[in-house]
Amino acid sequence: MPLLAPDYYFPHITDIPGAFFTSHRLRLVILDVDNTLTSHNNPDPFPGVAQWVADRRAEGLILCILSNNSPGRVEPFARKLGLPFVANAAKPLPFGLARACGRYGASRRECCLIGDQLFTDMLAVNLFPGGTSILVSPWELETGGFLACKRKWEKPFLRRYFRGREEREK
Ligand SMILES: [Mg+2]
């Protein structure tokens, strides 16, 4: 498995049905915040996200936020969704994933991470063998700074992933 490719892709988190997790025997769902649950610095989850979270919890999944952003950003957002969180997670280092698995008594195979970035989210899972990586498209593309650069660097890897995906589906 290439380190920068996801195992699965959905346009948005709200497109992932509950049946996806049951059919893959996933029990612990680790969530990125920025551009996965909402846009950067937006204090509110995007439409449909709170309901999606509530539905998945009602189905018995364990949900937990794992963000590289600061506690000042992550804590109030996580509180709105009623979710536990880890801030300053230092993804792509996989320690946050290991901690979450330990905390909730989940095996690597039972855990997945949903995120929008190849170089942090997908790489973190791929450095945590057994975990499942799920890529979503960013709600809003960053227009400046380091993140805009990273988006540019992601492009060839994304192109390769989607080309391979089309071929696999033929
Ligand atoms: Mg993100």
Side-chain angles (χ1 to χ4, degrees), residues 1-16 20-21 26 28-54 56-57 61-101 111-128 131-162 165:
M1 168 55 63
L3 281 177
L4 291 172
D7 295 314
Y8 299 97
Y9 165 80
F10 291 88
H12 290 303
I13 189 164
T14 45
D15 296 318
I16 314 176
F20 172 86
F21 301 98
L26 297 167
L28 172 60
V29 181
I30 300 172
L31 304 164
D32 172 52
V33 173
D34 292 308
N35 256 335
T36 296
L37 300 176
T38 187
S39 51
H40 279 273
N41 295 320
N42 184 341
D44 296 309
F46 266 149
V49 166
Q51 189 58 52
W52 186 91
V53 164
R56 300 295 83 78
R57 294 181 95 182
L61 292 174
I62 304 164
L63 277 74
C64 166
I65 281 176
L66 185 71
S67 171
N68 281 0
N69 215 327
S70 65
R73 153 66 169 150
V74 180
E75 201 264 328
F77 185 82
R79 202 174 339 114
K80 263 183 201 167
L81 289 172
L83 292 176
F85 72 94
V86 175
N88 292 330
K91 294 175 283 184
L93 297 179
F95 306 121
L97 289 163
R99 246 172 72 195
C101 281
C111 110
C112 63
L113 181 141
I114 305 174
D116 67 294
Q117 282 196 57
L118 296 187
F119 295 109
T120 52
D121 302 310
M122 299 304 108
L123 185 56
V125 191
N126 291 328
L127 293 174
F128 189 69
T132 297
S133 52
I134 304 169
L135 180 72
V136 291
S137 290
W139 290 100
E140 272 173 18
L141 271 181
E142 297 82 2
T143 49
F146 183 50
L147 263 166
C149 279
K150 281 207 280 186
R151 293 295 178 202
K152 213 184 285 166
W153 300 334
E154 280 182 342
K155 271 192 186 146
F157 297 100
L158 285 173
R159 227 177 284 134
R160 190 175 313 158
Y161 170 71
F162 283 111
R165 193 170 179 249

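One-based numbering, in listed order, for ligands and for the atoms of each.
Around the Mg ion (ligand 1), the protein contributes the following N, O or S atoms at distances under 2.8 Å: Asp32 OD2, Asp34 O, Asp116 OD1.
Looking at Lys150 and Glu154, no side-chain N of the basic residue comes within less than 4.0 Å of a carboxylate O on the acidic one, giving no salt bridge.
Under a cut-off of 6.0 angstrom, the local environment of CZ in Arg165 is crowded, with over 12 non-hydrogen atoms contributed by other residues, nucleotides or ligands.
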Can you list, pair by pair, the side-chain donor-acceptor contacts under 3.5 Å of residues 92-101, counting residues two or more places apart and other chains?
none

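A donor-acceptor contact shorter than 3.5 Å links the side chain of Arg73 to the backbone of Asn42. Proximity of a side-chain donor or acceptor of Asn68 to a complementary backbone N or O of Lys91 within less than 3.5 Å is detected.
Annotation: Phe162 is in aromatic contact with Tyr9 [ring centroid separation under 6.0 Å].
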